[in-house]
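First the structure, in the form of structure tokens, and then the observations on it.
Ligands are counted one by one from 1 in listed order, and the atoms in each one are counted from 1 as well.
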Amino acid sequence: MEKTALQIQMVDLRTQYLKIKDEVDAGIQEVLDTTTFINGPKVHEFQRNLEAYLGAKHVIPCANGTDALQIAMMAVDLQPGDEVIVPAFTYVATAEVIALLRLKPVMVDVDPDTFNLTAEIAEAAITPRTKAIVPVNLFGQSCDMESLMEVAKKYNLWVIEDNAQAIGADYTFSDGRQVKTGTIGHIGCTSFYPSKNLGAYGDGGAIYTNDEELGRKCRMIANHGQVKRYYHDMIGVNSRLDTIQAAILDVKLKHLDEYAAARQAAASYYDHAFQHIEQLQIPKRQYNSTHVFHQYTLLVKDGRRDQLQAHLQSKGIPTMIYYPVPLYKQEAYKTAMVNEISELPVTEMLCQSVISLPIHTEMDEEMLAYICEAVAEFF
Ligand SMILES: *Cc1c(COP(=O)(O)O)cnc(C)c1O
């Protein structure tokens with residue numbers, strides 16, 4: 001039987017919800033019954049549970065992942081014109097908040113294997129005006145944070161990790177110490193957008209840090225720059241996680257590792273099916289990070305990425321291109337950037353060649369077999 005597009009989805013939040021429905025519904029009902037919609041006890045409870053899960057001293061819940069990045073950038077006190085190094089192969093939000101704060105995004109290339117920023121690439125872009133680096137843990141695995149932190153230390157730079165796609169992944173230092181991704185830089189940022197690995201049923205985000213002072217500042221900025229109500233010590237923003245979202249996230253956090261395992265099992269199935277197709281490069285793993293597969297992204301080496309996508313579409317298999325256009329070629333960023341680059345070769349190549357297949361917590365063997373067969377048939 002041919003599966004239709006309705007049966008195979010990029011993400012399947014409905015089936016996932018039905019499995020935890022009782023717990024989630026009870027959590028939502030409790031918020032409704034107590035009408036603690038803003039800053040209710042569940043927000044604090046979720047914050048504590050996330051701190052424990054991540055091993056982070058301070059978690060500051062906020063309204064979305066973009067706000068998390070903006071608040072983090074505001075907390076490190078940069079001045080207009082300061083340069084911030086950011087990969088060009090990422091979601092727009094990473095560079096957007098930099099430009100919005102009148103800082104200068106310095107867009108750099110990424111590693112062709114992991115698609116992530118490396119210490120070498122970052123170091124080559126440092127100037128006397130560089131103040132921060134924003135590594136993005138793309139598609140579900142960490143950058144090589146140990147060497148990035150060494151570079152940051154050498155040049156006295158802030159490191160703000162965009163961990164929106166890699167919450168739950170583990171990073172291992174060369175001395176064997178293991179930590180959660182996003183907790184290595186001075187500040188880590190995450191998104192609870194519904195399709196993210198830890199997804200709410202609406203918008204949400206969080207900032208995490210082990211630094212007491214940065215934690216205090218981020219919390220203040222997210223709350224109109226106040227600690228004491230109606231006394232504003234700095235200019236902030238209004239960025240809160242709704243209590244209903246916190247109640248949902250608190251339930252889903254308990255399942256996060258199991259969700260990662262389901263994604264990893266689907267990725268292994270794909271790997272096994274595609275590893276011998278010479279036109280494809282299966283996702284390479286950063287040696288010191290686990291991969292939680294926010295996306296399963298193949299590199300199509302023979303230039304036929306768009307034809308593959310059309311072929312899969314005709315079989316009812318949805319795919320996505322993350323990301324089709326380098327950030328420096330986006331209309332809005334041509335002038336916001338400091339570095340006048342015409343092309344970053346790896347970013348250009350990736351934008352032409354990557355394709356992300358359906359991956360989520362509810363994939364079964366029948367779906368995976370069907371998708372793998374459709375891919376194999378194309379080559
Ligand atoms: C999703 C995402 C964001 C932004 O998160 P929102 O909650 O949508 O604001 C930022 N960076 C990356 C890499 C993302 O994937």
Side-chain angles (χ1 to χ4, degrees), residues 10-11 13 46 50 59-74 84-101 105 107-108 110-111 114-117 132-143 145 148 159-169 181-182 185 187-208 218 221-222 237-242 245-246 248-249 252 263 286 289 291-297 320-327 330 332-333 347 350-351 354 356 359-360:
M10 284 302 286
V11 287
L13 297 176
F46 170 63
L50 188 59
V59 163
I60 297 97
C62 64
N64 56 65
T66 309
D67 274 8
L69 286 162
Q70 182 181 331
I71 293 162
M73 298 294 318
M74 287 169 80
V84 180
I85 295 171
V86 62
F89 189 63
T90 179
Y91 183 56
V92 67
T94 323
E96 188 174 42
V97 299
I98 299 169
L100 198 65
L101 294 171
M107 292 184 193
V108 295
V110 293
D111 177 72
T114 60
F115 314 151
N116 273 337
L117 178 63
I133 307 175
V134 186
V136 180
N137 299 326
L138 202 70
F139 299 151
Q141 66 182 340
S142 181
C143 295
M145 286 305 294
L148 272 163
V159 176
I160 296 168
E161 277 184 87
D162 184 343
N163 197 43
Q165 300 188 1
I167 192 166
T181 55
I187 308 183
C189 298
T190 217
S191 163
F192 304 127
Y193 184 79
S195 63
K196 295 284 156 79
N197 287 32
L198 179 58
Y201 294 169
D203 275 311
I207 301 150
Y208 20 103
C218 287
I221 294 168
V237 296
N238 173 25
S239 190
R240 297 183 282 240
L241 179 69
D242 289 354
Q245 299 306 336
I248 295 159
L249 288 165
K252 292 186 74 177
R263 288 171 177 276
Q286 170 69 33
S289 172
H291 200 317
V292 291
F293 288 98
H294 174 59
Q295 298 298 338
Y296 184 90
T297 305
M320 290 294 281
I321 308 302
Y322 300 116
Y323 296 93
V325 182
L327 279 186
Q330 300 283 357
Y333 289 88
T347 298
L350 293 176
C351 290
V354 289
S356 299
I359 193 159
H360 54 75

Validation row, ring centre Tyr91 to ring centre Tyr193 under 6.0 Å: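 Not close enough - the centres of the two rings lie 6.0 Å or further apart.
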Pairwise, report which nitrogen or oxygen atoms of ligand 1 are under 3.5 angstrom from protein nitrogen or oxygen atoms, and how far apart they are.
{"from": "ligand 1", "atom 1": "5 (O)", "to": "Ser191", "atom 2": "OG", "distance (Å)": "3.3"}
{"from": "ligand 1", "atom 1": "7 (O)", "to": "Gly65", "atom 2": "N", "distance (Å)": "2.8"}
{"from": "ligand 1", "atom 1": "7 (O)", "to": "Ser191", "atom 2": "OG", "distance (Å)": "2.7"}
{"from": "ligand 1", "atom 1": "9 (O)", "to": "Gly65", "atom 2": "N", "distance (Å)": "3.3"}
{"from": "ligand 1", "atom 1": "9 (O)", "to": "Thr66", "atom 2": "N", "distance (Å)": "2.8"}
{"from": "ligand 1", "atom 1": "9 (O)", "to": "Thr66", "atom 2": "OG1", "distance (Å)": "2.5"}
{"from": "ligand 1", "atom 1": "11 (N)", "to": "Asp162", "atom 2": "OD1", "distance (Å)": "3.3"}
{"from": "ligand 1", "atom 1": "11 (N)", "to": "Asp162", "atom 2": "OD2", "distance (Å)": "2.7"}
{"from": "ligand 1", "atom 1": "15 (O)", "to": "Gln165", "atom 2": "NE2", "distance (Å)": "2.8"}
{"from": "ligand 1", "atom 1": "15 (O)", "to": "Lys196", "atom 2": "NZ", "distance (Å)": "3.0"}

Qualifying residues under side chain to side chain donor-acceptor pair (under 3.5 Å), relative to Gln286, sequence neighbours excluded: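 So Gln286 forms a side chain to side chain donor-acceptor pair (under 3.5 Å) with Asn288.
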Flag for Glu161-Asn137: side-chain donor and acceptor within less than 3.5 Å: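 Judged by distance alone, the side chains do pair up.
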Backbone N/O of Ala166 and side chain of Thr181: donor-acceptor pair under 3.5 Å: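 Between the backbone of Ala166 and the side chain of Thr181 there is a qualifying donor-acceptor contact (under 3.5 Å).
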Short side-chain to backbone donor-acceptor contact, Lys252 and Gly199, under 3.5 Å: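 Present.
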Pair Phe46-Phe192, side chain to side chain contact (heavy atoms under 4.5 Å, CB included): steps then yes or no: CA-CA 13 Å; Phe46 170 63; Phe192 304 127; 3.7 Å; yes
